[in-house]
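A, B, ... follow the sequence lines: proteins, then strands. Residue 1 opens every chain.
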There are 2 protein chains.
Amino acid sequence: MTKRETIIVSAIKLFSSKGFEGTSVRDIAADAGVNVAMINYYFGSKEKLFESVVEYKASFLRGVFSELVNNKKLSHIEKIDFMIDQLIERKFSDAKFSHLLHRELSLELRPQLRNAISGILLKNIDPVKTIIKDGIKTGVFQPVDIELTLTTVIGTIHYLLTSDTICQKILGKKEGFSPFQNKQLKKRLGEHTKKLMRSYLLKNKKH
Amino acid sequence: MTKRETIIVSAIKLFSSKGFEGTSVRDIAADAGVNVAMINYYFGSKEKLFESVVEYKASFLRGVFSELVNNKKLSHIEKIDFMIDQLIERKFSDAKFSHLLHRELSLELRPQLRNAISGILLKNIDPVKTIIKDGIKTGVFQPVDIELTLTTVIGTIHYLLTSDTICQKILGKKEGFSPFQNKQLKKRLGEHTKKLMRSYLLKNKKH
DNA sequence: TTATTTATTAAACATTTGTTTAGTTTTAAA
DNA sequence: TTTAAAACTAAACAAATGTTTAATAAATAA
């Protein structure tokens, strides 16, 4: 790992848990074991470091859903199942960073970053829209509101993992319960979301 | 409005749009037309001002759903409809403040505030759980995962209004489109969510 | 009225902030 | 080996931060 990457990794960690303005460049430098000046040397400014963080994460993000559209082996609803599993997997494996992006989006600061961020978050939106649209066109799916159906899937997964406190309160769990990386919860969420979509999308429920 | 309230109102506005650490006490004082020292005079510290903001907002929040449980005039699904309308109404009328609370929840700072906040956000959760539970017990509703069904409703409404950029990208709208206080979108979201819940909850769909 | 508490002010305070400078070491090319 | 570019450091910089002080004005009580 290059020193540049070391800084980015520390920035991801600290921005994720304490927010952008809640993290000082000295915090980052200390965590990375690097002189403070190196941050401006490599990135120019704290804000540009943030941009680099976003770019860095985006570079690991493949568009997994584009090949799904023309997949002939899977039925329409199986494609939806696959998508749900992927979204849950991704959210559970990287919830803290997802929070960082959503926090940034809801702020009225750094507008140029917000476009890049929403691009990352919704990278796969068009293929998924197409899958639902195809299902409707071929008569397998009900004529639903495509965009809002998608919002439901993403929103359900996202909201459950908003924070441990929220998750505990919703599920009626004790304070110790930690939702992130909880395999049982992951399974439960998957089952619920798939069942919900089958019930809502499918015309013929006998499948 | 007392001077204390003036400060709180300015704090709500600025914390909502720029975040807690992104807002300085001088920003707040200037917006409220008040000397900087008055903030510490009235509230003790910036952090305690934040607590007062949360308390202030909570004091306006009535528990609208508790009386709904024992309402005999409405059917089970009509109660769900009512709840959805209420949640949408509330979210659209106060989206920015809701964002502030969710940002704070997802940060690993100020843990004592997070409990108060999740309490506010999920004030009505128990009555709503009861309504779904009753529907299942009387055989009108399918035996669904109650907590996650609730998460779906809240999550759908919440996610659509995460930010204008996200909403634009999901709906395929131009940059100018502003979702907040958009009556058409409000109606569309209500129809989608109610249709979804009827499809998922009701055993006998002929209603 | 006078006395006393409350409200308000401008200025100062001590830290912390992101960033830059000027110098040094390391690396790599000529 | 010499030279020049790149990497790195400790220190300084200016600005902004939350908070406190000391003095004054206003409101209230005796």
Side-chain angles (χ1 to χ4, degrees), chain A residues 1-56 100-101 103-104 107-114 116-117, chain B residues 1-56 100-101 103-104 107-114 116-117:
Chain A
M1 198 158 58
T2 69
K3 191 160 274 193
R4 208 189 110 99
E5 277 178 311
T6 314
I7 295 172
I8 289 187
V9 169
S10 291
I12 290 173
K13 182 172 113 188
L14 294 172
F15 287 166
S16 295
S17 66
K18 310 203 295 168
F20 178 75
E21 11 270 326
T23 306
S24 74
V25 289
R26 281 172 179 82
D27 290 341
I28 297 168
D31 188 275
V34 146
N35 189 287
V36 211
M38 296 315 288
I39 287 172
N40 290 271
Y41 177 74
Y42 279 117
F43 301 96
S45 70
K46 187 191 176 188
E47 191 156 334
K48 280 189 188 152
L49 167 59
F50 194 4
E51 288 172 28
S52 297
V53 160
V54 172
E55 275 175 39
Y56 179 82
L100 170 62
L101 298 187
R103 276 198 304 268
E104 183 61 23
L107 286 176
E108 292 169 359
L109 302 163
R110 299 176 284 277
Q112 82 288 0
L113 250 175
R114 287 163 59 197
I117 288 175
Chain B
M1 198 156 57
T2 68
K3 192 160 273 193
R4 209 188 109 97
E5 277 179 311
T6 314
I7 295 172
I8 290 187
V9 168
S10 291
I12 290 173
K13 182 173 113 186
L14 294 172
F15 286 164
S16 296
S17 67
K18 309 203 296 168
F20 178 74
E21 9 272 327
T23 306
S24 74
V25 290
R26 281 174 181 80
D27 290 341
I28 298 168
D31 188 274
V34 146
N35 189 288
V36 212
M38 297 314 289
I39 287 172
N40 290 273
Y41 177 75
Y42 278 118
F43 301 95
S45 71
K46 187 191 177 188
E47 191 156 331
K48 281 188 187 152
L49 167 60
F50 194 3
E51 289 173 28
S52 297
V53 160
V54 172
E55 276 175 38
Y56 179 83
L100 170 61
L101 298 187
R103 277 197 305 269
E104 184 62 22
L107 286 176
E108 292 168 0
L109 302 163
R110 300 176 282 278
Q112 81 288 2
L113 250 175
R114 287 162 60 197
I117 289 175

_On DNA chain D, compare the nucleotides closest to B:Asn35 and A:Val36; which residue's is nearer the 5' end?_
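Going by which nucleotide is closer to the 5' end, it is A:Val36.
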Round to a whole Å and report the spacing from [atom1] of [X] to [atom2] of [N].
X: B:Ile7; N: D:dT19; atom1: CD1; atom2: C1'; value: 15 Å
X: B:Asn40; N: D:dT20; atom1: CG; atom2: P; value: 6 Å
X: A:Lys3; N: D:dA6; atom1: NZ; atom2: C1'; value: 12 Å
X: B:Lys48; N: D:dT19; atom1: NZ; atom2: C1'; value: 12 Å
X: A:Ile39; N: D:dC8; atom1: CD1; atom2: C1'; value: 13 Å
X: B:Glu47; N: D:dG18; atom1: CD; atom2: C1'; value: 12 Å
X: B:Leu49; N: D:dG18; atom1: CG; atom2: P; value: 11 Å

*For DNA chain C, which nucleotides open and close the run of contacts to chain B, 5' to 3', at under 4.0 angstrom from a non-hydrogen atom?*
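Range of nucleotides touched by chain B: C:dT6 to C:dA12.
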*Would you classify B:Tyr42 as touching base, sugar-phosphate or nothing, given that sugar-phosphate means primed atoms plus P, OP1 and OP2, and contacts are heavy atoms under 4.0 Å?*
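Since only primed, P, OP1 and OP2 atoms lie under 4.0 Å of B:Tyr42, the category is sugar-phosphate.
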*Could you check whether B:Thr2 gets within reach of a base, just the sugar-phosphate, or nothing at all, counting any heavy atom under 4.0 Å?*
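Nothing: the residue B:Thr2, judged by heavy atoms under 4.0 Å, touches no strand.
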Considering all heavy atoms of both residues, which atom of [X] and which atom of [Y] are nearest to each other, and what is their separation?
X: B:Ile117; Y: B:Glu104; result: CD1-CG, 3.5 Å
X: A:Leu49; Y: A:Ala11; result: CD2-CB, 4.0 Å
X: A:Asp27; Y: A:Gly22; result: OD2-O, 4.3 Å
X: B:Tyr56; Y: B:Ile12; result: CD2-CD1, 3.9 Å

*Would you say A:Leu107 and B:Arg103 make side-chain contact, with heavy atoms under 4.5 Å?*
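Sidechains of B:Arg103 and A:Leu107: in contact.
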_If the test is side chain to side chain contact (heavy atoms under 4.5 Å, CB included), which one of B:Ile39, B:Asp31, B:Val53 qualifies with B:Ile7?_
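In the set B:Ile39, B:Asp31, B:Val53, the residue that makes a side chain to side chain contact (heavy atoms under 4.5 Å, CB included) with B:Ile7 is B:Ile39.
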Using the 3.5 Å cut-off, write out each protein N or O paired with an N or O of nucleotides 21-26 of chain D and the distance between them.
none

*Is it possible for you to check whether B:Lys46 lies under 6.0 Å from the centre of the six-membered ring of B:Phe20, through NZ or CZ, and within 45° of that ring's axis?*
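Because its charged atom sits under 6.0 Å from the ring centre and within 45° of the axis, B:Lys46 does stack over B:Phe20.
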*Overall bend - the helix from C:dT1-D:dA30 to C:dA30-D:dT1, comparing terminal axes fitted on five pairs, nearest 10 degrees*: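 Its terminal axes enclose an angle near 0°.
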*Could you work out which one of D:dT19, D:dA12, D:dA10 sits closest to the side chain of A:Arg26?*
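Closest nucleotide to the A:Arg26 side chain: D:dA12.
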*Taking the side chain from B:Thr23 and the backbone from B:Leu14, do they hold a donor-acceptor pair closer than 3.5 Å?*
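Confirmed, B:Thr23 side chain pairs with B:Leu14 backbone.
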*Counting only N and O atoms by type, is there a donor-acceptor contact under 3.5 Å from the side chain of B:Arg114 to the main-chain atoms of B:Leu109?*
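Answer holds: no.
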*Kindly say if A:Tyr41 contacts the phosphate of D:dC8, meaning a side-chain N or O under 4.0 Å from OP1 or OP2.*
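Checking A:Tyr41 against D:dC8: no side-chain N or O falls below 4.0 Å of OP1 or OP2.
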